[in-house]
Asker: 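Dumping the structure here so I can ask a few things about it.
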Amino acid sequence: MATRHWLVKQEPTAYSWGDLVRDGRTTWDGVRNHQARNNLQAMQQGDRVLFYHSVKDPAVVGICEVVRTAYPDPTAGDPGWVAVDLKPVRALARPVTLAAIKAEPALRDIPLVRQSRLSVMPLEKAAFDRIVKQGT
DNA sequence: GCCAACGTTGGC
DNA sequence: GCCAACGTTGGC
């Protein structure tokens with residue numbers, strides 16, 4: 001099974017990479033956008049997920065992994081919304097800023113740039129690897 | 001603080 | 001079903 005690649009966004013003031021490392025694992029809930037929900041639903045066990053801080057110093061800061069696939073979001077009244085569980089794998093040595101991503105021609109078409117409001121998005125392996133490499 | 005993008009709501 | 005108004009997200 002091919003491991004697939006994703007990116008999730010969070011405002012660090014709400015839940016940061018540091019919080020995820022401290023917790024060791026978290027429930028990725030509260031998603032209330034259909035496109036983002038569909039992406040959560042498509043995640044498979046072991047998929048790699050980039051963790052992106054939005055708003056304040058926007059940047060990709062770490063890599064995490066799907067440890068539980070989609071199940072009904074406990075924070076939603078409507079069972080149509082889903083959550084997944086994520087655990088941290090490792091921090092990037094250097095955060096890869098949104099500005100750096102936008103400056104990279106090979107990354108100009110990723111959803112992070114194209115669809116700034118989407119909070120859960122797929123990444124092609126090449127784009128994922130390139131961001132990770134920039135963070136090395 | 002401002003603005004653009006986009007989703008939702010509600011009047012017709 | 002259309003569209004204007006409004007709210008939210010997120011970059012700058």
Side-chain angles (χ1 to χ4, degrees):
Chain A
M1 175 185 73
T3 301
R4 292 183 302 173
H5 303 82
W6 310 91
L7 181 148
V8 295
K9 277 190 199 179
Q10 187 55 271
E11 293 194 37
T13 52
Y15 193 82
S16 70
W17 171 257
D19 292 332
L20 177 59
V21 170
R22 180 201 62 212
D23 294 346
R25 171 179 180 140
T26 198
T27 299
W28 206 262
D29 57 21
V31 170
R32 298 292 183 273
N33 168 281
H34 292 272
Q35 202 177 346
R37 189 271 317 273
N38 292 346
N39 290 331
L40 281 182
Q41 237 154 7
M43 288 184 181
Q44 294 172 12
Q45 188 92 18
D47 282 1
R48 291 293 161 119
V49 183
L50 292 179
F51 192 106
Y52 174 83
H53 281 168
S54 63
V55 182
K56 187 183 186 307
D57 303 325
V60 176
V61 293
I63 304 170
C64 39
E65 181 183 324
V66 177
V67 289
R68 183 179 175 190
T69 55
Y71 56 97
D73 183 342
T75 70
D78 180 340
W81 299 114
V82 300
V84 299
D85 288 358
L86 300 177
K87 74 166 188 190
V89 174
R90 65 180 173 87
L92 295 183
R94 301 183 297 139
V96 179
T97 64
L98 181 61
I101 288 169
K102 285 183 167 174
E104 171 60 59
L107 299 175
R108 204 165 278 160
D109 289 332
I110 67 172
L112 185 69
V113 177
R114 284 299 179 93
Q115 253 181 295
S116 65
R117 291 185 59 198
L118 186 60
S119 63
V120 182
M121 66 192 74
L123 282 181
E124 289 178 13
K125 182 175 190 307
F128 182 98
D129 289 345
R130 188 169 285 270
I131 292 169
V132 170
K133 191 178 173 190
Q134 279 195 19
T136 303

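In the text below, chain A, chain B and the rest are named by the order of the sequence lines, each starting its count at 1.
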Asker: Indicate, with a heavy-atom threshold strictly under 4.0 Å, whether A:K56 touches base, sugar-phosphate, or nothing.
Answerer: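 Counting heavy atoms under 4.0 Å across all strands, no contact is made by A:K56.
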Asker: Tell me whether A:E11 is salt-bridged to A:K56, with the criterion being a basic N under 4.0 Å from an acidic carboxylate O.
Answerer: no
Asker: Would you mind reading off the distance between A:I110 atom CD1 and C:dG11 atom P, rounded to a whole angstrom?
Answerer: 12 Å
Asker: Quickly, which of A:D47, A:V67, A:V8 forms a side-chain contact (heavy atoms from CB on, under 4.5 Å) with A:L86? Name it, please.
Answerer: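 Of A:D47, A:V67, A:V8, side-chain contact (heavy atoms from CB on, under 4.5 Å) with A:L86 is met by A:V8 alone.
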Asker: Is the CD atom of A:Q41 crowded by more than 12 outside heavy atoms at less than 6.0 Å?
Answerer: yes
Asker: Evaluate the ring planes of A:F51 and A:W28, with Trp represented by its six-membered ring, and classify them as parallel (under 30°), tilted (30 to 60°) or perpendicular (over 60°).
Answerer: perpendicular
Asker: Determine to 10° how strongly the helix from B:dG1-C:dC12 to B:dC12-C:dG1 is bent, judged from the axes of its five-pair ends.
Answerer: 10°
Asker: Please answer whether the main-chain N or O of A:L112 pairs with a side-chain N or O of A:S116 as donor and acceptor at a distance below 3.5 Å.
Answerer: no
Asker: With the criterion being N/O to N/O and under 3.5 Å, what pairs connect the protein with nucleotides 4-10 of chain B, and how long is each?
Answerer:
from: B:dA5; atom 1: N3; to: A:R117; atom 2: NH1; distance (Å): 3.4
from: B:dC6; atom 1: O4'; to: A:R117; atom 2: NH1; distance (Å): 3.2
from: B:dC6; atom 1: O2; to: A:R117; atom 2: NH1; distance (Å): 2.3

Asker: At what distance, to the nearest 0.5 angstrom, does OG1 of A:T26 lie from NZ of A:K87?
Answerer: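 Going from OG1 on A:T26 over to NZ on A:K87, the span is 14.0 Å.
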Asker: Do A:K9 side-chain atoms and A:L118 backbone N/O form a donor-acceptor pair below 3.5 Å?
Answerer: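 Pair found, side chain donor or acceptor close to backbone of A:L118.
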Asker: Have a look at A:F128 and tell me which of A:V49, A:L50, A:V60, A:I110 forms a side-chain contact (heavy atoms from CB on, under 4.5 Å) with it.
Answerer: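 Testing A:F128 for a side-chain contact (heavy atoms from CB on, under 4.5 Å) against A:V49, A:L50, A:V60, A:I110 leaves exactly one candidate, A:L50.
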